[in-house]
Structures are given as C-alpha cells and as structure tokens.
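Model, not experiment: these values are computed from the prediction.
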Amino acid sequence: MIRTAVPEDIPVLHTMIRELADYERASHEARATPEQLREALFGPHPAVHAHLAQGDDGEPVGFAMWFLTFSTWRGVHGIHLEDLYVRPAARGGGHGKALLTELARLCVQRGYARLEWSVLDWNAPAIGFYESLGARPQDEWTVYRLTDDALKALGA
C-alpha cells in the first residue's frame, strides 16, 4: 500500500499537490513545477523525500512529502512532514494512517526523536485524525515565515 516515490511519480505528485492546495483554499500559492519537484526529490542533492499510498488497483491515492530536521536539544534528527494528502474518494481507507505509520517506522528505525507537522486550525477532520493517533498540538509555539519581498529585503 505504501511505497517510496520514483521519478515516474512526478506528474501524479504534482497533480496531488495541486489538489491539496485547492482543498486548503490556497491554490494561488502552489507554484511548484514538476521540474522543481524532480530536482528536490531526485536531483544530485535530494533535500526532500516522498512516499505514495496506492489503492487496491495500484493507482496512487495519496502521498507524504517530508524532510529531515535536527533537534539541538535531543541531538538527533527528526522528520518534518511537509504535506500529507489522501484523495477524497480514498479517505477513510487507512491510507493516511499507513503513510504516517511508515514515517514513524523510519523514525524509530533510524533513531530519530520527532515526527512533526502543521495542520490548519480549521481542518477539524485532520486534527481529530492526528489526535486519534496520539499526536498532540504544540500550542506554546507559533510558526513564523519569511517569504517573497520580506525574505528578499532581509537577505539583501
């Protein structure tokens, strides 16, 4: 049901990223191209990883895209789950749980201390699902982000 992405998966990954952006009401922000995904996942210095969930017919129905983090307090890596998406028709079939289970398995196998991700505060179904697995919100932390003009100004 879960497998590591291969270069031939770039078109379906790109399509599902667009579907996720639509679901999150942010399609205007999803600018990644298939070429950028190919470079990030399979270029000379891959910085991100992906796993696909397949339906009974072998067709991709979801994905998890993630990268390594490092905890200075724990002294070991962790995984940051950038995106978890299961197509609406396949939801409730265990694909999301299987994707998270695979990432948790990698953490345990490799000695990583954390599996972390963000969720939109209005996404009650996702929040309920994550909490049913034992995940807990990190309420004391607020995410900050620099992008576009602010990032360029600070970096200049």
K.L.:
What distance do Ile79 atom CD1 and His49 atom NE2 have between them, rounded to the nearest 0.5 Å?
P.N.:
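Going from CD1 on Ile79 over to NE2 on His49, the span is 8.0 Å.
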K.L.:
Of all residues at least two apart in sequence or in a different chain, which pass the ring pair (Phe, Tyr, Trp, His ring centres under 6.0 Å) check with Phe70?
P.N.:
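Partners of Phe70 under the ring pair (Phe, Tyr, Trp, His ring centres under 6.0 Å) test: His77.
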K.L.:
What pairs of donor and acceptor atoms, side-chain ones from residues 88-95 against any protein atom, are under 3.5 angstrom apart with sequence neighbours left out?
P.N.:
unit_1: Arg91; atom_1: NE; unit_2: Val86; atom_2: O; d: 2.7
unit_1: Arg91; atom_1: NH2; unit_2: Val86; atom_2: O; d: 3.0

K.L.:
Would you check if Ile17 and Leu37 make a side-chain contact, meaning some heavy-atom pair closer than 4.5 Å?
P.N.:
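Side chain of Ile17 against side chain of Leu37, heavy atoms only: contact under 4.5 Å found.
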K.L.:
Indicate if Tyr130 and Leu99 have the same hydrophobic cluster label, given that clusters are the connected sets of ILVMFWY residues with side-chain heavy-atom separations under 4.5 angstrom.
P.N.:
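As far as the 4.5 Å side-chain criterion goes, Leu99 and Tyr130 are connected within one cluster.
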K.L.:
In terms of hydrophobic clustering (I, L, V, M, F, W, Y; side-chain heavy atoms under 4.5 Å; direct or indirect links), are Val61 and Met16 co-clustered?
P.N.:
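No, because Val61 and Met16 fall into different hydrophobic clusters, even though each may have its own neighbours under 4.5 Å.
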K.L.:
Does anything in residues 80-90 pair up under side chain to side chain donor-acceptor pair (under 3.5 Å), and if so which pairs, sequence neighbours excluded?
P.N.:
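Applying side chain to side chain donor-acceptor pair (under 3.5 Å) to every pair that reaches into residues 80-90, excluding sequence neighbours, yields Glu19-Tyr85, Glu19-Arg87.
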K.L.:
What's the spacing between Thr15 OG1 and Ile10 CD1 if we round to 0.5 Å?
P.N.:
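The CD1 atom of Ile10 is 11.0 Å from OG1 of Thr15, to the nearest 0.5 Å.
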K.L.:
What residues, two or more places apart in sequence or in another chain, satisfy salt bridge (Lys or Arg N to Asp or Glu O under 4.0 Å) together with Arg31?
P.N.:
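By the salt bridge (Lys or Arg N to Asp or Glu O under 4.0 Å) rule, Arg31 matches Asp148.
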K.L.:
List the steps, then state whether side-chain contact (heavy atoms from CB on, under 4.5 Å) holds for Phe63 with Leu84.
P.N.:
CA-CA 6 Å; Phe63 76 95; Leu84 176 71; over 6 Å; no
K.L.:
Is any side-chain heavy atom of Phe129 less than 4.5 Å from a side-chain heavy atom of Leu100?
P.N.:
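In contact.
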K.L.:
Under the criterion side-chain contact (heavy atoms from CB on, under 4.5 Å), I'd like the reasoning laid out for Asp56 against Met1: C-alpha separation, chi angles, the key distance, then a yes or no.
P.N.:
CA-CA 8 Å; Asp56 292 336; Met1 179 188 288; 5.9 Å; no
K.L.:
So if you build clusters from Ile, Leu, Val, Met, Phe, Trp, Tyr with side-chain heavy-atom gaps below 4.5 Å, do Val48 and Leu52 land together?
P.N.:
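Val48 and Leu52: one cluster.
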K.L.:
Taking only residues two or more places apart in sequence or in another chain, which ones pass side-chain contact (heavy atoms from CB on, under 4.5 Å) with Gln36?
P.N.:
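Scan of Gln36 (side-chain contact (heavy atoms from CB on, under 4.5 Å), adjacent residues dropped) gives Ala32, Thr33.
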K.L.:
With sequence neighbours left out, what residues match Arg3 under side chain to side chain donor-acceptor pair (under 3.5 Å)?
P.N.:
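With sequence neighbours excluded, Arg3 shows a side chain to side chain donor-acceptor pair (under 3.5 Å) to Asp9, Gln54, given in chain and number order.
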K.L.:
Assess whether side-chain contact (heavy atoms from CB on, under 4.5 Å) is satisfied between Leu81 and Met65, documenting all intermediate values.
P.N.:
CA-CA 6 Å; Leu81 175 60; Met65 195 163 296; 6.0 Å; no
K.L.:
Which pairs, with at least one residue in residues 63-76 and sequence neighbours excluded, count as a side chain to side chain donor-acceptor pair (under 3.5 Å)?
P.N.:
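As it turns out, the side chain to side chain donor-acceptor pair (under 3.5 Å) pairs with a partner in residues 63-76, which skip direct neighbours, are His51-Trp66.
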K.L.:
Ignoring hydrogens and angles, write down the donor-acceptor pairs under 3.5 Å from the side chains of residues 139-147, residues two or more places apart or on other chains.
P.N.:
none

K.L.:
Give the minimum heavy-atom separation between Pro137 and Glu131, together with the two atoms involved.
P.N.:
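Answer, listing the atom of Pro137 first, then Glu131: CD-OE2, 3.7 Å.
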K.L.:
Quick one: salt bridge (Lys or Arg N to Asp or Glu O under 4.0 Å) partners of Glu59, sequence neighbours excluded?
P.N.:
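Glu59 satisfies salt bridge (Lys or Arg N to Asp or Glu O under 4.0 Å) with no other residue.
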K.L.:
In residues 101-125, what donor-acceptor pairs under 3.5 Å come from side-chain atoms, sequence neighbours left out?
P.N.:
unit_1: Thr101; atom_1: OG1; unit_2: Lys97; atom_2: O; d: 2.7
unit_1: Glu102; atom_1: OE1; unit_2: Arg105; atom_2: NE; d: 3.0
unit_1: Glu102; atom_1: OE2; unit_2: Arg105; atom_2: NH2; d: 2.7
unit_1: Arg105; atom_1: NH1; unit_2: Gln109; atom_2: OE1; d: 3.4
unit_1: Asn123; atom_1: OD1; unit_2: Tyr23; atom_2: OH; d: 3.2
unit_1: Asn123; atom_1: OD1; unit_2: Ala126; atom_2: N; d: 3.3

